[in-house]
Amino acid sequence: MEHSAGAGPAWALALEHSALGEILRQALWLYPIANVLHVLAVVAMIGSILAFDLRLMGAAKSLPVAGLARLLLPISAIGFILAVITGSLLFIADATAVWNNPVFVYKLALIALGLVNIGVFHFGVWRSAEHWAAGIPAPLSAKTGAAVSIASWAATATLGRLIAYF
């Protein structure tokens with residue numbers, strides 16, 4: 001991987017020049033493997049979130065929300081954890097350039113929005129989910145949260161891909 005050390009905060013320089021940062025840049029396959037695993041983790045996370053959110057918005061009304069949640073939410077959580085781990089490796093390899101990239105900062109803001117939305121959903125409207133059995137539409141607040149979720153995670157993935165181009 002090409003690397004151009006840039007100016008940045010001391011912590012970013014320290015990460016980049018750490019043994020792990022050097023290994024990630026110098027090992028032939030380590031960075032590409034981390035990159036592929038990051039993409040797969042994001043696909044698992046966003047795919048499961050999208051399926052769940054589409055149900056909340058009215059698709060596949062014959063599927064019970066609670067059953068779908070038991071199936072999909074653990075996949076999204078595992079995908080998120082793996083995306084954070086692999087994304088951290090990608091960041092460490094080129095921390096100063098990535099930190100100085102405004103697209104990355106916007107991506108972090110969207111991740112924060114997505115996580116806040118999850119918290120609001122699970123500690124709010126989700127408490128009444130037992131009333132949304134198969135065939136029963138989710139309330140407007142759940143549909144709104146689902147729309148915010150789809151938009152924030154789709155935009156996060158888009159910005160993640162755009163980091164390389166800005």
So the side-chain hydrogen bond (donor to acceptor under 3.5 Å, both in side chains) pairs with at least one residue in residues 51-62 (sequence neighbours excluded) are Asp53-Ser149
I'd like to know if the side chain of Asn117 reaches the main chain of Val148, judged simply by a donor and an acceptor atom lying under 3.5 Å from each other, with no hydrogens or angles considered. no
Under 3.5 Å, is there a donor-acceptor pair between the side chain of Arg161 and the main chain of Ala157? no
Same hydrophobic cluster for Tyr165 and Ile163, using side-chain heavy-atom links shorter than 4.5 Å among ILVMFWY? yes
Do side-chain atoms of Glu16 reach the backbone of Ala95 as a donor and acceptor pair under 3.5 angstrom? yes
Establish whether Phe166 and Leu159 are linked, either directly or via other cluster members, by ILVMFWY side-chain heavy-atom contacts under 4.5 Å. yes
First locate atom CG of Leu140, then atom CG of Leu56, and finally report the distance between them rounded to the nearest 0.5 Å. 12.0 Å
Pairs involving residues 94-115, ordered by first then second residue, that meet ring-ring contact (aromatic ring centres under 6.0 Å, His included) (sequence neighbours left out): Trp11-Trp99, Phe91-Phe104
How long is the gap from CZ on Arg25 to CD1 on Ile92, to the nearest 0.5 Å? 10.5 Å
Residue list, side-chain contact (heavy atoms from CB on, under 4.5 Å) with Ala51, at least two apart or on another chain: Leu72
Reported CG-to-CG distance for the pair Leu73 and Leu68, which is rounded to 0.5 angstrom: 8.0 Å
Flag, side chain of Asn35 to backbone of Tyr31, donor-acceptor distance under 3.5 Å: no
Other members of the hydrophobic cluster containing Leu54, with the 4.5 Å side-chain heavy-atom rule, please. Leu50, Met57, Ile150
Apply side-chain contact (heavy atoms from CB on, under 4.5 Å) to the pair Leu89 and Leu20, showing each step before the final yes or no. CA-CA 8 Å; Leu89 292 174; Leu20 181 56; 3.9 Å; yes
Check the hydrophobic clustering (I, L, V, M, F, W, Y; side-chain heavy atoms under 4.5 Å; chains of links allowed) and say if Leu37 and Leu28 are grouped together. yes
Heavy atoms only: give me the nearest Asn100-Gly8 pair and the separation to one decimal. ND2-CA, 4.1 Å
Applying side-chain hydrogen bond (donor to acceptor under 3.5 Å, both in side chains), which residue pairs with at least one partner in residues 63-92 are found, sequence neighbours left out? His38-Thr86
Nearest-0.5 Å distance that lies between atom CG in Asn101 and atom CG in Leu162: 9.5 Å
Heavy-atom closest contact (Val42 atom, Ala83 atom, distance): CG2-CB, 4.0 Å
Separation between CG (Leu110) and OG (Ser152), nearest 0.5 Å, reads 6.5 Å
Would you kindly confirm whether Ile85 and Leu108 end up in one hydrophobic cluster when ILVMFWY residues are joined by side chain heavy atoms under 4.5 Å apart? no
Taking only residues two or more places apart in sequence, or in another chain, which ones meet Phe121 in a ring-ring contact (aromatic ring centres under 6.0 Å, His included)? Trp126
Quick one: closest heavy-atom pair of Ala69 and Phe52, and the distance? CB-CE1, 3.6 Å
So which heavy atom on Trp153 is nearest to which on Leu115, and how close? CZ2-N, 3.9 Å
Hey, could you give me the CD1/CD1 distance between Ile75 and Ile46, rounded to the nearest 0.5 Å? 14.0 Å
